[in-house]
Amino acid sequence: TKEGDQGVTRILFEKSLNGSPDLFVAVFTMEPHQVHPRHSHPNVGEMYFVVEGLCTISLGDEERQCAAGTAVYIPAGVNHGVVTADEGCSVMVAFPQGDWDKVEKVWA
């Protein structure tokens with residue numbers, strides 16, 4: 001983690017939790033006015049699905065306000081992050097790697 005990284009993660013699928021060797025799925029919940037700083041995963045792509053609430057997702061040079069029902073694909077190596085304003089959000093996160101320790105993370 002990084003100082004200033006806010007929110008709470010609830011892991012649903014992971015190798016160490018339930019034996020999933022090739023899939024990591026979690027729900028990341030952020031309260032209003034929280035930040036998940038820009039970062040990248042050089043070795044794997046990632047999927048975000050906004051389950052509830054509203055947030056701004058940055059992806060590369062773009063920023064978009066995303067509401068419940070929005071899905072975002074993040075290619076390996078692309079900087080991305082999440083910020084909330086007056087409303088919090090819950091975002092489902094998925095990686096094609098079940099071992100969290102093998103997901104590389106580089107803070108921007």
Inset, instruction - Step by step, work out the side-chain contact (heavy atoms from CB on, under 4.5 Å) result for Tyr48 and Val82. - result: CA-CA 10 Å; Tyr48 281 173; Val82 182; 3.6 Å; yes
Legend entry - Distance, nearest 0.5 Å, that separates NZ of Lys15 from CG of Asp101: 10.0 Å
Inset, instruction - Determine whether more than 12 heavy atoms belonging to other residues, nucleotides or ligands lie under 6.0 Å from atom CD of Glu87. - result: yes
Inset, instruction - List the atom of Gly45, the atom of Pro96, and the distance in Å for their closest heavy-atom pair. - result: O-CD, 3.3 Å
Inset, instruction - Search all heavy atoms of Glu14 against all heavy atoms of Gly98 and return the closest pair with its distance. - result: CG-O, 3.1 Å
Inset, instruction - Check whether Val72 and Val78 end up in the same hydrophobic cluster, where Ile, Leu, Val, Met, Phe, Trp and Tyr are linked by side-chain heavy atoms less than 4.5 Å apart. - result: yes
Inset, instruction - Please name the pair of heavy atoms, one in Gly19 and one in Pro21, separated by the smallest distance, quoted to 0.1 Å. - result: O-CD, 2.9 Å
Inset, instruction - Tell me whether Val51 is reachable from Phe24 by hopping between hydrophobic residues (I, L, V, M, F, W, Y) whose side-chain heavy atoms are closer than 4.5 Å. - result: no
Inset, instruction - Flag yes if Val103 and Met47 sit in one hydrophobic cluster, no otherwise; membership is Ile, Leu, Val, Met, Phe, Trp, Tyr, and two members link when side-chain heavy atoms are under 4.5 Å apart. - result: no
Inset, instruction - Flag yes if Val50 and Leu12 sit in one hydrophobic cluster, no otherwise; membership is Ile, Leu, Val, Met, Phe, Trp, Tyr, and two members link when side-chain heavy atoms are under 4.5 Å apart. - result: no
Legend entry - Side-chain heavy-atom pair Arg64, Ile57 within 4.5 angstrom cut-off: no
Legend entry - Check: Asn79/His39 side-chain N/O donor and acceptor closer than 3.5 Å: no
Inset, instruction - If the plane angle is over 60° it's perpendicular, under 30° parallel, otherwise tilted; pick one for His41 and His80. - result: tilted
Legend entry - Partner residues of Gln34 under the side chain to side chain donor-acceptor pair (under 3.5 Å) criterion, sequence neighbours left out: none
Legend entry - Atom pair NZ/CD of Lys105 and Glu46 - distance to nearest 0.5 Å: 8.0 Å
Legend entry - Intermediate values then yes/no, side-chain contact (heavy atoms from CB on, under 4.5 Å), Thr29 and Ser90: CA-CA 4 Å; Thr29 302; Ser90 290; 3.2 Å; yes
Legend entry - Residues His33, Asp86; criterion side-chain contact (heavy atoms from CB on, under 4.5 Å); working and verdict: CA-CA 6 Å; His33 305 287; Asp86 292 336; 2.9 Å; yes
Inset, instruction - Classify the ring geometry between Phe28 and His36 as parallel (under 30°), tilted (30 to 60°) or perpendicular (over 60°). - result: tilted
Inset, instruction - Compare every heavy atom of Leu59 with every heavy atom of Tyr73, then report the nearest pair and how far apart it is. - result: O-CD2, 3.7 Å
Inset, instruction - For Met30 and Cys55, run side-chain contact (heavy atoms from CB on, under 4.5 Å): C-alpha distance rounded to whole Å, both residues' side-chain angles, the deciding distance at 0.1 Å, then the answer. - result: CA-CA 9 Å; Met30 298 173 67; Cys55 60; 6.0 Å; no
Legend entry - ILVMFWY network linking Val25 to Phe49, side-chain heavy atoms under 4.5 angstrom: yes
Legend entry - From CG (Asp5) to CH2 (Trp107), nearest 0.5 Å: 4.0 Å
